[in-house]
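Heads up: the structure comes next, in structure tokens.
Chain identifiers are assigned alphabetically (A, B, ...) following the order of the sequence lines, protein sequences preceding nucleic acid strands; residue numbering begins at 1 within each chain.
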Amino acid sequence: MVARASELFLPTLREPPADAEAASHKLLVRGGFIRQVGAGLWTFLPLGWRVHQKIVQIIREEMDAIGDQEVLCPVLTPAELWELSGRIDIPEVFKLKDRNGRAFVLPLSHEETMTFHAREIQSYKQLPQRWYHFSTKERDEPRPRAGLLRVREFIMKDAYSFDRDAAGLDESFQLHERAYKAIFERCGLEAYEVEAESGIMGGRESWDYLAPAESGENELVRCENGDYAADIEAAEGIPRPPESPPVLGAPEEVETPDVTTIEALAELLKIDTAATSKAMPVVVGERVVLALVRGDDRLSEEKLTTILGSAFRPATDGEIRSTFAAGGGSLGPVGVEVDVIADNALKDGQFVAGANRDGWHLRGVEAGRDYEPRFADIRQTNAGDRCPKCGGRLIAETAIELGHIFKLGTFYSEPFGATYLDEDGQEKLLVMGSYGIGPARTMAAIIEQHHDDKGIQWPASVAPYDVHVVVIPGMEEHAQSVADALSAAGLDVLVDDRDARAGEKFADADLIGCPLRVTVGRKAAEDGTVDLRERAKGEDNAVSVGELVSRVREKLG
RNA sequence: CGGGGCGUAGCUCAGCCUGGUUAGAGUGCUGCCUUUGGGAGGCAGAAGUCGCGAGUUCGAAUCUCGCCGCCCCGACCA
């Protein structure tokens, strides 16, 4: 088909909106793809919706390819369903009432509704079932931000699997992993499957799909050799060995006046920060626990929460004084009454630790000899760490969460009574999984990974049009026949037939970012050639009009 | 929810501190002329309840109070 720029609603802007920071946010607005309606609320304009639909179609094809069945659930959902699952209490859930006072929920995903329908499954002979839909989700986000990256209303593809048992779930899970890999590859995205943080919920297995991007909200850690990737909260890097001072037979007190930071301590004693330890007193319920990590490490709150099995908070100054008889900068594990959880990095060797006496530290503190901790991985991985698989260098980069897949088990089927009759005549609970992808976030991530200072560089698979034809004034008829020829070959063509100067059209073409640009200028009349340019490469090549279609086909691959 | 910032023309902003004619610029938009391969130039023009509401004042975009909206950092993110 051929779209005419002169007729399209394609409001491009010379300048980005003042409040935009992320590249995808700026370029989507400048390029006339989207417009903001309110915080976290966006309208997709014609071009933006075309891209969104292309991504949706890719997802649909890959879901269909693994045998998932497309359905559509309503957005407005009776609150009773959410009372059954208990999710009604999640603060981000939008709630409303109808004129008769009946309570409804605007869902942030559709586990309840899908499980409601799964109650119609009666026999193992009907299993497995895997259903998906594209539907609008609502989330009362505390802070929407960065264009399409974090919004309050968005379309999500969410799929749900229903199996007889854990083995069946594993199979469904693997199918979706395969589909997700194919989806992101077709979208031209570099994305990594990583084990998601389990945090306070624990137990249930879940995986995130992270795309490295400048404006992400997650932090991805991956090995330079490509054999390891994880969310920084879950990553298990190997810390560098410390430069240890001489070993001592017993801890030795050393006066450290006014030293309350690791940097100051290392400076004063002329030692490596990695040869020190850092004590963080936290409170779990009523109990004070001392978390101990190496001086150059950061405590991972996620990991500590998992180890403790419940949420914690930092101890107050008062609690620290009454428990340790010293201030926060002078704490250590030796001689304390409370439980000590030490990071694995402190297992071997000797470290300088606080003496629990203001202005004093202890040299040569050794775990096992001088204190008895519980060891665990509670440090946050650093960019300088080594890969746990191959010892390679770890890279840390911000990333966008594109998708999330969960092994739900019977979390929903149990309260909903979603059961089936097995071969042995036993009534059993359906074992569920859920699998989400946000097409709009995917769209933003594609831009984050494919742009330059002039604009977007869409991969051909998701570009709003295959070819952008720039009409040099006076060449309208030549351009029309070029566009018709491309269209007849099944390509989607955007013709810039506006009454505007060439430079302006070029600038807009770069901004909008279709993969190929054809400039129809004077040469079309003189020697029958037009200029073909790949957006990502940026150089013109003269092509005869007769060869154009085949050359374009070739370039689009 | 805590901290910070912003709200004046479609967009980007100045003016506000120190109140005083018809509220400005750039860009965009409309018309005409010139120009026409990387956002060219000229002339003429349209366009703003100065976020909303109260108050102070002879007089408020400007000062005070309240509210609303938006952005950023943090908290939060089954």
Side-chain angles (χ1 to χ4, degrees), chain A residues 9 11-22 25-26 29-30 32 35-42 82 85-93 105 107-112 137 139-147 149-152 154 158 196-204 206 208 215-218 231 233 301-302 305 311 313-314 400-401 404 406-409 411-412 415 434 436 438 441 454-455 469-476 479 496 498-511 517-526 529-531 533 538-540 542:
Chain A
F9 184 52
T12 56
L13 297 174
R14 207 158 181 166
E15 293 182 74
D19 50 32
E21 297 206 338
H25 183 185
K26 289 181 191 169
V29 173
R30 280 192 59 211
R35 283 294 184 267
Q36 184 163 20
V37 177
L41 301 172
W42 293 86
W82 284 61
S85 68
R87 293 210 300 171
I88 189 99
D89 295 323
I90 296 172
E92 278 144 22
V93 175
V105 155
L108 37 77
S109 65
H110 275 81
E111 279 82 354
E112 284 80 0
K137 310 298 180 203
R139 295 192 182 183
D140 192 355
E141 287 287 348
R143 183 148 98 84
R145 68 186 102 180
L149 288 182
R150 189 166 204 81
V151 294
R152 292 196 292 183
F154 60 101
D158 42 329
E197 56 208 89
S198 42
I200 194 164
M201 292 305 290
R204 292 183 296 164
S206 84
D208 265 334
S215 308
E217 292 190 298
N218 296 60
D231 189 290
E233 296 293 357
E301 293 182 18
E302 285 290 339
T305 301
R313 62 172 174 83
I400 297 167
E401 181 186 335
H404 205 157
F406 291 84
K407 288 191 178 176
L408 300 173
F411 188 89
Y412 293 90
S434 80
R441 254 195 192 181
K454 293 198 176 103
V469 176
V470 170
V471 187
I472 300 299
M475 294 293 124
E476 289 75 13
D496 194 345
R498 293 172 304 170
D499 179 21
R501 299 174 62 83
E504 200 173 332
K505 295 187 182 186
F506 290 142
D508 271 351
D510 288 342
L511 174 61
R517 183 177 99 192
V518 172
T519 305
V520 182
R522 222 175 291 114
K523 287 185 294 179
E526 288 165 1
T529 64
V530 294
D531 283 321
R533 171 193 288 235
E539 45 184 71
D540 280 329

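If you check every strand for non-hydrogen atoms under 4.0 Å, A:Asp89 touches nothing. Residue contacts for A:Gly474: at a heavy-atom cut-off of 4.0 Å it reaches no nucleic acid atom on any strand shown. Within the 4.0 angstrom heavy-atom criterion, no nucleotide atom of any strand lies near A:Pro11. Residue contacts shown for A:Pro16 are limited to sugar-phosphate atoms, with no base heavy atom under 4.0 Å away. Among the atoms of the strands shown, base atoms are found under 4.0 Å from some heavy atom of A:Ala507. The residue A:Gln36 sits close only to the backbone: its heavy atoms come under 4.0 Å of sugar-phosphate atoms, none of a base. Residue contacts for A:Arg35: at a heavy-atom cut-off of 4.0 Å it reaches no nucleic acid atom on any strand shown. Counting non-hydrogen atoms under 4.0 angstrom, A:Ala22 reaches nothing in the nucleic acid. Nucleic acid contact for A:Glu92: sugar-phosphate only, since backbone atoms but no base atoms lie under 4.0 Å from a heavy atom of the residue.
Judged by Watson-Crick or G-U wobble contacts below 3.5 Å, the nucleotide B:rA75 has no partner. Partner assigned to B:rA44 is B:rU30, using Watson-Crick or G-U wobble distances below 3.5 angstrom. For B:rA25, the paired nucleotide is B:rU12, the pair qualifying as Watson-Crick or G-U wobble because both relevant distances are below 3.5 Å. With a 3.5 Å ceiling on both atom-pair distances, B:rG37 lacks any Watson-Crick or G-U wobble partner. Partner assigned to B:rG53 is B:rC65, using Watson-Crick or G-U wobble distances below 3.5 angstrom. For B:rC58, the paired base is B:rG20 (Watson-Crick or G-U wobble, both distances below 3.5 Å).
Distance, A:His25 NE2 to B:rC72 C1': 12 Å, rounded to whole Å. The distance between atom CH2 of A:Trp42 and atom P of B:rC70, rounded to the nearest whole Å, is 12 Å. Atom CG of A:Asp158 is separated from atom C1' of B:rA78 by 14 Å (rounded to the nearest Å). Between A:Phe506 atom CZ and B:rA40 atom C1' there is a gap of 15 Å when expressed in whole angstrom units. To the nearest angstrom, P of B:rG39 lies 12 Å from CD1 of A:Ile472. If you measure from atom CD of A:Glu141 to atom P of B:rC77, you get 11 Å, rounded to the nearest angstrom. Distance, A:Arg14 CZ to B:rG10 P: 19 Å, rounded to whole Å. Computed from coordinates, the A:Arg145 CZ to B:rA75 C1' distance equals 10 Å when rounded to whole Å.
Contact detail for A:Arg517 and A:Ala509: the closest heavy-atom pair is CD-CB, 3.8 Å.
Distance from the side chain of A:Phe406 is smallest to B:rA78 among B:rA78, B:rC77, B:rU12. Taking only side-chain atoms of A:Glu15, from C-beta outward, the nucleotide of B:rC13, B:rC11, B:rG37 with the closest atom is B:rC11. Of the candidate nucleotides B:rG37, B:rA78, B:rC71, B:rA78 has the atom nearest to the side chain of A:Leu108. Closest approach to the A:Ser109 side chain among B:rA78, B:rU12, B:rG37 is made by B:rA78 (side chain taken as heavy atoms from C-beta onward). For A:Pro142, whose side chain is taken as the heavy atoms from C-beta onward, the closest listed nucleotide among B:rG37, B:rU12, B:rA75 is B:rA75. Distance from the side chain of A:Asp19 is smallest to B:rC71 among B:rA78, B:rC71, B:rG37. Checking B:rG39, B:rU36, B:rG37 against the side-chain heavy atoms of A:Pro473 singles out B:rU36 as nearest.
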*asked:* For a side-chain contact (heavy atoms from CB on, under 4.5 Å) check, start with the C-alpha distance between A:Val105 and A:Glu112, then their side-chain angles and the critical distance, and finish with the verdict.
replied: CA-CA 11 Å; A:Val105 155; A:Glu112 284 80 0; over 6 Å; no
*Would A:Trp42 and A:Val29 count as a side-chain contact (heavy atoms from CB on, under 4.5 Å) if you check the C-alpha gap in whole Å, the side-chain angles of each, and the deciding distance to 0.1 Å?*
CA-CA 10 Å; A:Trp42 293 86; A:Val29 173; 3.8 Å; yes
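Between the side chains of A:Asp158 and A:Ser109, no donor-acceptor pair of N or O atoms lies under 3.5 Å.
Across B:rG24 and B:rG41, the matching P atoms stand 24 Å from one another, rounded to whole Å. If you take atom P in B:rG66 and the same atom in B:rA23, they sit 30 Å apart, rounded to whole Å. Taking atom C1' in both B:rG53 and B:rC13, the straight-line distance is 27 Å, to the nearest Å. Comparing the C1' positions of B:rG19 and B:rA25 gives an interatomic distance of 23 Å, to the nearest angstrom. One P atom belongs to B:rG38, the other to B:rA47, and the distance between them is 36 Å to the nearest Å.
With hydrogens and angles left out, the side chain of A:Arg533 and the base of B:rG37 share no donor-acceptor pair within 3.5 Å. Applying the 3.5 Å distance criterion, the base of B:rG39 shares no donor-acceptor pair with the side chain of A:Arg498.
Taking side-chain N and O atoms only, A:Arg143 has a distance below 4.0 Å to OP1 or OP2 of B:rC73. Note on A:Arg501: a side-chain N or O is less than 4.0 Å away from OP1 or OP2 of B:rA40.
By the 4.5 Å heavy-atom criterion applied to side chains, A:Ser215 and A:Glu21 are not counted as neighbours.
The number of heavy atoms from other shown groups lying within 6.0 Å of CZ (A:Arg522) does not exceed 12.
Comparing A:Val37 and A:Arg139 along RNA chain B, the residue whose closest nucleotide (by nearest heavy atom) sits nearer the 5' end is A:Val37. Annotation: of the two residues near RNA chain B, A:Ser434 and A:Gly503, the 5′-most nearest-nucleotide partner is A:Gly503.
We find the CZ-CD1 distance between A:Arg150 and A:Ile400 to be 12.0 Å, quoted to the nearest 0.5 Å.
A salt bridge links A:Glu217 with A:Arg145: the closest approach of a Lys/Arg side-chain nitrogen to an acidic carboxylate oxygen falls below 4.0 angstrom.
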